[in-house]
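This chain uses plain numbering: 1 for the first residue, then up along the sequence.
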Amino acid sequence: VFSSVTSVLNMSIFKDQFVLEDLIEEFKKKSTALSFGPLQSNGHISVQGSFPAIELLRDFLLIKAKSLSKKDKREESKSCQRPKRRQQQHSLTTGMSNFVRDAGGEKQVVVLDTDIYHYMKYFFPRTFLVNDDVVISDITDGDITMVYIENAGSRSDAGQVLRVKEKIENQSMKLHNALRKERIYFEEHARDEKQRYKWACESLKPHYPSVLVIPYDTHIDVIGNSSETFEFTKEMSS
């Protein structure tokens, strides 16, 4: 479940500053764990790989975007008539756009697998514990959750925001390598079955304190380390 994700990057933001084919070759050299599709005429390219590898690519993109932001500011100081860049729609490029807008480091974004995010919130809430000078918000879109870390204090402290970002990323990396998910589907319109699984979950939870159970209308997700998740699911189904 956590081993791979596919994203589409909109590279058109770079077309005025770089030769896109050369930039993509640079990506491939720096991100050997990722698979790249062909570059489309509209500047889109698909990328597939693990979340950690996607995050490393994102960091590389942010560096490139930051350099563009600095250049744009210098050019805008000469001419205020330059049109603004269009905000990108995809989750990864949205994160890049946020970084460009807050290039001083006052706002950062972390891309997480939604299941890992739920697990972190439940078992490692201190990861998201911050003081009054930092605000954390999130937007979930299916399997992806975007976590935004923003400076809210009277004084700008980019280092504080970056430390929170690194803490979340480090915890996510540890969990990415350890967690597995099992999914138990309900039979359609089987209300008794749903109730039976609910009771079974409640009875098993004390014996598996490191397993997270997330109930949905059509299924139950069981998230934890490989052995506990397997045993939990096995007992649920017996």
- Message: If only side-chain N and O atoms count, and only distance matters, is there a donor-acceptor pair under 3.5 Å linking Thr140 with Thr114?
- Response: no

- Query: In Å and rounded to the nearest 0.5 Å, what is the CG to OG distance from Asp113 to Ser172?
  - Reply: 8.0 Å

- How far does CZ of Phe123 sit from CG of Leu175, to the nearest 0.5 angstrom? 10.0 Å

- Message: Per the salt bridge (Lys or Arg N to Asp or Glu O under 4.0 Å) rule, what does the pair list look like for residues 217-231, sequence neighbours excluded?
- Response: Lys181-Asp221, Arg183-Asp221

- Query: Would you say the side chain of Leu112 lies within less than 4.5 Å of the side chain of Met120, judging by non-hydrogen atoms?
  - Reply: yes

- Hphob cluster co-occupancy, Val135 + Ile149, side-chain heavy atoms under 4.5 angstrom: no

- Message: Between Thr127 (side chain only) and Ile168 (backbone N and O only), is there a donor and an acceptor less than 3.5 Å apart?
- Response: no

- Query: Are Tyr122 and Val110 grouped together when hydrophobic residues (ILVMFWY) are joined by side-chain heavy atoms under 4.5 angstrom apart?
  - Reply: yes

- Note on the structure: Rounded to the nearest 0.5 Å, the NZ atom of Lys167 sits from the CZ atom of Phe124 at a distance of 13.0 Å

- Give a yes or no on whether Lys198 atom NZ has more than 12 heavy-atom contacts from other residues, nucleotides or ligands under 6.0 Å away. no

- Message: Tell me whether Val109 shares a hydrophobic cluster with Ile139, the cluster being built from Ile, Leu, Val, Met, Phe, Trp, Tyr side chains joined at under 4.5 Å.
- Response: yes

- Indicate yes or no: at least one non-hydrogen side-chain atom of Val213 is less than 4.5 angstrom from one of Lys205. yes

- Message: Measuring from atom CZ of Phe36 to atom CD of Gln48, what distance do you get when rounded to the nearest 0.5 angstrom?
- Response: 11.5 Å

- With no hydrogens and no angle check, do the side chains of Tyr117 and Asp138 hold a donor and an acceptor under 3.5 Å apart? yes

- Task: Anything under 30° is parallel, anything over 60° is perpendicular, the rest tilted; go ahead and classify Tyr185 against His219.
- Result: tilted

- List the steps and the verdict of side-chain contact (heavy atoms from CB on, under 4.5 Å) for Arg180 and Asn225. CA-CA 6 Å; Arg180 297 293 182 270; Asn225 68 47; over 6 Å; no

- Query: Is any side-chain heavy atom of Ile45 less than 4.5 Å from a side-chain heavy atom of Gln40?
  - Reply: no

- Say you draw a straight line from OH of Tyr148 to CD of Gln108; how long is it, rounded to the nearest 0.5 Å? 12.0 Å

- Query: According to a 4.5 Å side-chain heavy-atom criterion applied to Ile, Leu, Val, Met, Phe, Trp and Tyr, with indirect links allowed, do Trp199 and Phe232 form part of one hydrophobic cluster?
  - Reply: no

- Message: Quick one, Ser50 with His176, criterion side-chain contact (heavy atoms from CB on, under 4.5 Å). Give me CA distance, side-chain angles, the key distance, then yes/no.
- Response: CA-CA 9 Å; Ser50 67; His176 178 275; 4.3 Å; yes

- Message: Measuring only between side-chain heavy atoms, which start at C-beta, is Ile184 closer than 4.5 Å to Thr233?
- Response: yes

- Is the closest side-chain heavy-atom distance between Val111 and Met146 below 4.5 Å? yes

- Query: Taking the side chain as C-beta and beyond, is there a heavy-atom pair between Leu34 and Lys28 under 4.5 Å?
  - Reply: no

- Message: Quick check: closest heavy atoms across Leu204 and Met236, and the distance to 0.1 Å?
- Response: CD1-CG, 3.6 Å

- Task: Check Val130 against Val134 and note the closest heavy-atom contact, atom names and distance.
- Result: CG2-O, 3.2 Å

- Message: Any carboxylate oxygen within less than 4.0 angstrom of a Lys/Arg side-chain nitrogen, looking at Glu169 and Lys165?
- Response: yes

- Heavy-atom side-chain contact between Asp115 and Leu179 under 4.5 Å: no

- Query: Does Thr229 reach the main-chain N or O of Ser226 with its side chain, forming a donor-acceptor pair under 3.5 Å?
  - Reply: no

- Between CD1 on residue Ile116 and CD on residue Gln171, distance to nearest 0.5 Å: 10.0 Å

- Does the side-chain contact (heavy atoms from CB on, under 4.5 Å) test come out yes or no for Ile136 and Val164, once each step is laid out? CA-CA 9 Å; Ile136 294 180; Val164 174; 3.9 Å; yes

- For Lys174, look at atom NZ and say whether over 12 heavy atoms of other residues, nucleotides or ligands are found less than 6.0 Å away. no

